Amino acid sequence: MVQKQILIIDDDKDLSMIISDLLESYGYGVTCAPDSETAFLLLSDNIFHLILLDINLPDSTGFELCRELRHVSSIPIIFASARTSETDRITGLDIGGDDYLPKPYSMKELLSRINALIRRTYGFHEQEQIITFGGISVNITARTITKNGTPVSLSLREFDLLACLCRYKNETVPKDKLLSEVWGAFHTVEPSTLTVHIRWLREKLEDTPADPKYIKTVWGIGYILEVGE
């Protein structure tokens with residue numbers, strides 16, 4: 001099972017460390033940001049699976065950050081705040097939050113809500129996720145690939161891109177969505193970087209890279225992994 005990464009955005013460093021220790025003891029990877037500027041930098045270069053977000057931040061509000069994030073990503077967000085009015089809770093959910101946990105809260109309830117949201121979003125199934133097409137087998141869980149029984153070596157970013165295409169197999173995935181999910185929600189990479197990585201994938205997986213059978217371009221939109229039913 002690929003370790004799920006959680007970003008805690010809260011200026012209470014002591015609380016963040018307590019939560020971090022708890023989540024790491026249950027197998028999550030955790031990164032902490034004390035303000036929105038740090039959070040934006042982290043989200044530009046890293047992939048996270050869930051955000052635990054305070055509302056009152058030194059340089060912004062969690063509401064503002066959530067609104068910006070929802071323009072480019074559907075990553076699950078749990079608001080955790082001492083602001084407990086009905087208006088704040090409704091605002092948090094209306095602008096794209098998935099849950100709202102008032103402070104103070106118990107660590108047990110926090111863990112329960114995170115586990116539940118992770119399960120709803122990603123499935124969290126124990127069985128391996130394997131996609132096969134032609135002679136190619138992509139084990140998303142183990143992060144391994146074989147072509148006609150022979151292992152294929154991909155860079156971390158190449159594999160993440162292929163895994164993303166596999167998750168949306170037989171669907172056209174817009175370029176912006178691929179950049180967001182593979183390079184980070186607030187990516188600063190050029191679209192040409194995606195084009196280059198697609199070319200590298202084709203060179204390693206397609207029998208005829210110039211006339212791809214599986215990883216196809218949808219002109220003006222993005223790419224599609226066609227693997228049949």
Side-chain angles (χ1 to χ4, degrees), residues 1-13 15-55 57 59-81 92-93 95-101 107 110-125 129 140-141 143 155-168 173 176-189 193-194 197:
M1 182 67 63
V2 177
Q3 186 184 50
K4 295 293 185 289
Q5 300 295 320
I6 295 176
L7 176 61
I8 300 172
I9 307 174
D10 196 316
D11 63 345
D12 187 334
K13 295 183 179 180
L15 177 60
S16 293
M17 289 305 300
I18 292 171
I19 297 172
S20 179
D21 289 343
L22 170 74
L23 295 177
E24 288 176 347
S25 72
Y26 281 88
Y28 291 109
V30 183
T31 304
C32 299
D35 50 51
S36 60
E37 180 180 2
T38 304
F40 280 126
L41 292 173
L42 289 167
L43 287 161
S44 297
D45 296 317
N46 301 276
I47 300 298
F48 296 99
H49 299 94
L50 182 144
I51 293 176
L52 183 65
L53 178 58
D54 192 12
I55 295 176
L57 299 172
D59 55 350
S60 180
T61 70
F63 291 152
E64 293 172 0
L65 194 154
C66 181
R67 288 190 184 96
E68 289 296 318
L69 190 56
R70 280 296 174 255
H71 290 308
V72 294
S73 175
S74 59
I75 180 174
I77 295 174
I78 297 177
F79 282 104
S81 176
L93 297 174
I95 64 175
D98 296 275
D99 200 351
Y100 197 108
L101 189 59
M107 292 296 108
L110 173 64
L111 179 63
S112 178
R113 294 201 186 198
I114 288 175
N115 286 341
L117 188 50
I118 288 286
R119 285 195 302 270
R120 289 201 303 271
T121 307
Y122 304 103
F124 231 44
H125 301 305
Q129 299 179 45
I140 296 175
T141 307
R143 296 181 68 86
S155 70
L156 291 175
R157 198 71 77 182
E158 287 170 351
F159 185 90
D160 289 341
L161 176 57
L162 179 59
C164 186
L165 289 169
C166 284
R167 286 195 295 272
Y168 298 102
V173 188
D176 285 348
K177 187 175 183 67
L178 286 169
L179 286 168
S180 172
E181 294 204 11
V182 177
W183 275 270
F186 297 100
H187 57 83
T188 57
V189 298
T193 301
L194 174 60
H197 280 74

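Quick caveat, the model's predicted, so the values are computed rather than measured. All heavy atoms count here, side chains included; hydrogens, waters and symmetry mates do not.
Across all their heavy atoms, Pro34 and Lys13 have their closest contact at CB-CE, 4.3 Å. Heavy atoms only, all atoms of each residue included: Gly62 and Leu57 are closest at N-CD1, 4.1 Å. Taking all atoms of both residues into account, the shortest heavy-atom contact from Ala39 to Ile9 is CB-CD1, 3.6 Å. In terms of heavy-atom proximity, Glu181 sits nearest to Ile47 at O-CD1, 2.8 Å. Smallest separation of non-hydrogen atoms from Ile75 and Phe48: CD1-O, 3.2 Å. For the pair Ala33 and Thr38, the tightest heavy-atom approach, listed with the atom from each and the gap, is CB-CG2, 3.9 Å.
Rounded to the nearest 0.5 Å, atoms CG (Leu111) and OH (Tyr28) are 6.5 Å apart. One finds the CG atom of Leu110 at 9.0 Å from the CG atom of Asn115 (value rounded to the nearest 0.5 Å). Note: Ser60 OG to Leu65 CG = 6.5 Å, rounded to the nearest 0.5 Å. Going from atom OG1 of Thr121 over to atom NE2 of His49 covers 10.5 Å, rounded to the nearest 0.5 Å. Taking OG of Ser36 as the start and CG of Leu53 as the end, the distance is 9.5 Å to the nearest 0.5 Å. Note that CE of Met107 and OG of Ser25 are 11.5 Å apart. Values are rounded to the nearest 0.5 Å.
Heavy atoms from other residues, nucleotides or ligands lying under 6.0 Å from CE of Met17 number 12 at most.
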Query - Trace of the side-chain contact (heavy atoms from CB on, under 4.5 Å) decision for Lys4 with Leu50 - result: CA-CA 8 Å; Lys4 295 293 185 289; Leu50 182 144; over 6 Å; no
Report task. Could you walk me through whether Asn46 and Gln5 pass the side-chain contact (heavy atoms from CB on, under 4.5 Å) test, one step at a time? Result -> CA-CA 9 Å; Asn46 301 276; Gln5 300 295 320; over 6 Å; no
Report task. Output, in order, the C-alpha distance, side-chain angles, deciding distance and verdict of side-chain contact (heavy atoms from CB on, under 4.5 Å) for Leu15 and Asp54. Result -> CA-CA 11 Å; Leu15 177 60; Asp54 192 12; over 6 Å; no
Requested in this report: Output, in order, the C-alpha distance, side-chain angles, deciding distance and verdict of side-chain contact (heavy atoms from CB on, under 4.5 Å) for Lys177 and Ser180.
Outcome: CA-CA 5 Å; Lys177 187 175 183 67; Ser180 172; 5.6 Å; no
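Side-chain contact between Leu194 and Val189 is absent, with no heavy-atom pair separated by less than 4.5 Å. Here the side chains of Tyr26 and Ile114 are not in contact, with every heavy-atom distance at 4.5 Å or above.
Looking at Ser73, its side chain never comes within 3.5 Å of a backbone N or O of Leu69 through a donor-acceptor pair. Side chain of Asp98 to main chain of Ile77: a donor-acceptor pair is present (N/O by atom type, distance under 3.5 Å, no hydrogens or angles). Of the possible polar contacts, one joining the Asp59 side chain to the Glu37 backbone as a donor-acceptor pair under 3.5 Å is found.
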Less than 3.5 Å apart, which donor and acceptor atoms pair up between the side chains of residues 155-163 and the rest of the protein, not counting sequence neighbours?
from, atom 1, to, atom 2, distance (Å)
Ser155, OG, Glu158, N, 3.1
Arg157, NH1, Val182, O, 2.8
Glu158, OE1, Ser155, N, 2.9
Glu158, OE1, Lys204, NZ, 2.8
Asp160, OD1, Arg143, NH1, 3.1
Asp160, OD1, Arg143, NH2, 3.0

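Checked against ring pair (Phe, Tyr, Trp, His ring centres under 6.0 Å), Phe63 has the following partners two or more places apart in sequence or in another chain: Phe79.
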